[in-house]
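Because only heavy atoms are used, hydrogens play no part in the values below, and waters and symmetry mates are left out as well, while side chains stay in. Residue numbers start at 1 and run along the sequence shown.
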Amino acid sequence: MATGTTQHDFHHTTETELPSEFSFVDTGYGKNYVKLLHICRDGPIHHIKELEVNTQLTNDSKKDYLHGDNGDIVATDSQKNTIYVLAKNHGVKSLEQFGLLLCSHFLSKYPHVTKVRVCIEEHPWDRLVSDGVPHNHAFISTPVALRFSSVTSRRGALPEIESGLKNLRVMKTTQSAFEHFIHDEFATLPDSHDRIFSTIVYAKWHYGLTNGVDFDLAWNTVRDCILDAFAGPPDTGVFSPSVQNTLYIAQKNVLQRIPQMSKIEVILPNKHYYPIDFTKFDRIGVRSNDDVFLPGDKPAGSISAVLGRKNLLNLSAKY
C-alpha cells in the first residue's frame, strides 16, 4: 500500500445488478490440494489413508461476484480446517464415504450453500510383508494405480458419486493384433497379427445406486476386471483383436459384477514399441528381430468408450 493512503482511499467498483443479457452458468470457490494422512490405530495393527482433497462450494446468491460482498463466503482456509476436523472426528473409511461426509457437513452447516463438490485422490500404500508376515505398522508405497473419487451434492437431490483409477500401466508382449482396417491412399501402417499391447489405463465410473455398495471392494473389482480382460489366464493369456474389443469386454464384466453402477468410461491410449531395424547391419548378419524395441512417445492412438446400464441411466437423468 502506498505511503499516506488507507484502505478507504481506494475506489471500489461494484455492479448493482446482473445485466439481463447475462447469467451465471456456474460458480464455485474452494480449497485445493489439501494433504491428509489418517492413521487408524487398531491396537498394535495400524491402517493408513493418505489423501489429497479438493473442495468447492456454490452459494445461492452471487453478491460476492456482483458487489464484492463476502458475507456468505465460507473461507477456503475454513474449508481446509473442516477436512482435518472431520477426519479426526469420523475417520476415513473410503474416499467415497469421506466425500459424502464432507458434502453433508457443508450443506447442513451452511443453509445458503446449494452445491458441494469434493474431489479426492489417494496415494497407494500397501502393508509391508516380511517373510510372508504382514507388518503391523510398516508400509510401502506402491504407485501401480491411483484411486480417485468425486462426490457432488445439490440441496434437495441425491448425491452423485464417481470413482476411478488412473496411471495403471500395463503391457503384454503377444496375443494382440491390429489388421483388416481401412487401407486407402492415406494408410501406411501394415497389418499386424502379433504385436506388443501396452497402455496406461484410465477408468471412471458412476454409481446410479449406493445401497449395499462396498466402495473399496468395487474399486478392486473394476481393477481386476480390466486386468483380466487385458491379460487373461496366467498360463495361456487371451487374444485381443483390437483395443476396442478388450476395452468393451472389461466394461461389460464390470457392469455385470457391480449392479449399482450406472456407467463406466475407459480410456486406453497406445504406448507404442517399435522393433529395431537390424537389416541395416549387414556385417552382423541379423535379419529378423522380435526382442529389441524402441519405446515410442508421441504421437499415439487413444481408444475410449462409455458403457452404461440403461435403467440406471434413465434414473440418473431424473435428478
Side-chain angles (χ1 to χ4, degrees), residues 122 124-135 139-147 163-181 189-205 214-259 261 264-278 286-297 300-307:
E122 179 178 5
W125 290 97
D126 278 346
R127 191 173 299 278
L128 187 66
V129 177
S130 179
D131 295 328
V133 180
H135 201 287
F139 304 86
I140 183 169
S141 177
T142 54
V144 174
L146 289 180
R147 178 176 175 178
S163 302
L165 63 83
K166 61 182 179 179
N167 299 345
L168 176 61
R169 186 164 185 171
V170 294
M171 175 193 293
K172 66 179 183 180
T173 53
T174 188
Q175 289 196 314
S176 173
F178 183 56
E179 50 190 351
H180 310 307
F181 52 91
L189 185 70
D191 283 343
S192 176
H193 68 277
D194 190 21
R195 64 174 184 168
I196 294 173
F197 182 0
S198 182
T199 186
I200 303 177
V201 180
Y202 174 92
K204 182 175 67 175
W205 54 94
D214 182 328
F215 293 110
D216 291 336
L217 178 61
W219 191 88
N220 288 326
T221 298
V222 173
R223 180 198 59 197
D224 292 346
C225 285
I226 292 172
L227 293 178
D228 184 65
F230 174 80
D235 54 343
T236 61
V238 63
F239 179 71
S240 171
S242 68
V243 177
Q244 287 90 331
N245 182 250
T246 298
L247 186 155
Y248 161 71
I249 291 172
Q251 291 177 310
K252 174 176 65 72
N253 291 344
V254 167
L255 290 179
Q256 288 175 338
R257 293 185 60 180
I258 307 175
M261 189 180 295
I264 177 170
E265 175 188 14
V266 177
I267 303 175
L268 300 181
N270 289 324
K271 300 302 293 182
H272 294 296
Y273 292 83
Y274 303 104
I276 299 297
D277 182 8
F278 283 102
V286 177
R287 287 295 178 264
S288 63
N289 173 41
D290 62 356
D291 49 11
V292 180
F293 295 82
L294 173 66
D297 183 15
S302 184
I303 315 301
S304 64
V306 180
L307 188 68

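In this structure, CG in Leu227 is found 5.5 Å from CG in Leu168, a value given to the nearest 0.5 Å. Taking OG of Ser242 as the start and CZ of Phe178 as the end, the distance is 8.0 Å to the nearest 0.5 Å. From Thr174, atom OG1 reaches atom NE2 of His193 across 8.5 Å, with rounding to the nearest 0.5 Å. To the nearest 0.5 Å, atoms CG (Leu307) and CG (Asn253) are separated by 10.5 Å. A distance of 4.5 Å separates CZ of Arg257 from SG of Cys225, quoted to the nearest 0.5 Å. Summarising the geometry, atom CD1 belonging to Ile226 is positioned 7.5 Å from atom CG belonging to Leu268; distances are rounded to the nearest 0.5 Å.
Side-chain atoms of Thr199 do not come within 3.5 Å of backbone N or O of Val201 as any donor-acceptor pair. Listed for the Asp191 side chain is a donor-acceptor partner under 3.5 Å among the backbone atoms of His180. For Asn245 (side chain) and Pro241 (main-chain N/O), no donor-acceptor pair under 3.5 Å exists by modelled atom type. A donor-acceptor contact shorter than 3.5 Å links the side chain of Asn289 to the backbone of Val292. Looking only at distances, no side-chain donor or acceptor of Glu265 sits under 3.5 Å from a matching main-chain atom of Ala305. With Asn167 contributing its side chain and Arg169 its backbone, the two residues share no donor-acceptor pair below 3.5 Å. At least one donor-acceptor pair under 3.5 Å links the side chain of Ser198 to the backbone N or O of Val170. In this structure a side-chain-to-backbone donor-acceptor pair under 3.5 Å is missing from Asp131 to Val133. Side-chain atoms of Lys166 do not come within 3.5 Å of backbone N or O of Ile200 as any donor-acceptor pair.
Residues Ile267 and Ser302 are in side-chain contact: their nearest non-hydrogen atoms beyond the backbone lie under 4.5 Å apart. Side-chain atoms of Tyr273 and Leu294, non-hydrogen and from C-beta on, never get closer than 4.5 Å to each other. At least one side-chain heavy atom of Ile258 sits under 4.5 Å from a side-chain heavy atom of Thr221. Between Ile196 and Met171, the closest side-chain pair of non-hydrogen atoms falls below 4.5 Å. Residues Ser141 and Pro143 form a side-chain contact, since some pair of their non-hydrogen atoms from C-beta on lies under 4.5 Å apart. Using a 4.5 Å heavy-atom cutoff, the side chains of Tyr248 and Lys252 are in contact. When side chains are defined from C-beta on, Asn220 does not count as touching Val222, because their heavy atoms never get closer than 4.5 Å.
Nearest heavy atoms, Met261 versus Val254: SD-CG1, 3.5 Å. Nearest heavy-atom pair, Phe239 versus Ala177, reported as atom, atom and distance to 0.1 Å: CZ-CB, 3.6 Å. Looking at every heavy atom in both residues, Ala145 comes nearest to Pro124 through O-CG, 3.8 Å.
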>> Is there a side chain to side chain contact (heavy atoms under 4.5 Å, CB included) between Val243 and Phe197? Walk through the geometry before answering.
In response: CA-CA 8 Å; Val243 177; Phe197 182 0; 3.9 Å; yes

>> side chain to side chain contact (heavy atoms under 4.5 Å, CB included) for Ser176 and Arg195? Distances and angles first, verdict last.
In response: CA-CA 5 Å; Ser176 173; Arg195 64 174 184 168; 3.4 Å; yes

>> Is there a side chain to side chain contact (heavy atoms under 4.5 Å, CB included) between Leu165 and Arg223? Walk through the geometry before answering.
In response: CA-CA 8 Å; Leu165 63 83; Arg223 180 198 59 197; 4.0 Å; yes

> So Leu146 and Glu122, side chain to side chain contact (heavy atoms under 4.5 Å, CB included) or not? Walk me through it.
Replying inline: CA-CA 6 Å; Leu146 289 180; Glu122 179 178 5; over 6 Å; no

> When you look at Asp216 and Arg147, which way does the salt bridge (charged side-chain N to carboxylate O under 4.0 Å, His left out) test go after all the steps?
Replying inline: CA-CA 10 Å; Asp216 291 336; Arg147 178 176 175 178; 2.8 Å; yes

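Trp205 is linked by a side-chain hydrogen bond (donor to acceptor under 3.5 Å, both in side chains) to Tyr207, counting only residues two or more places apart in sequence or in another chain.
Side-chain atoms of Thr246 and Ser240 form a donor-acceptor pair, as typed in the model, at a separation below 3.5 Å.
The number of heavy atoms from other shown groups lying within 6.0 Å of CD1 (Ile140) does not exceed 12.
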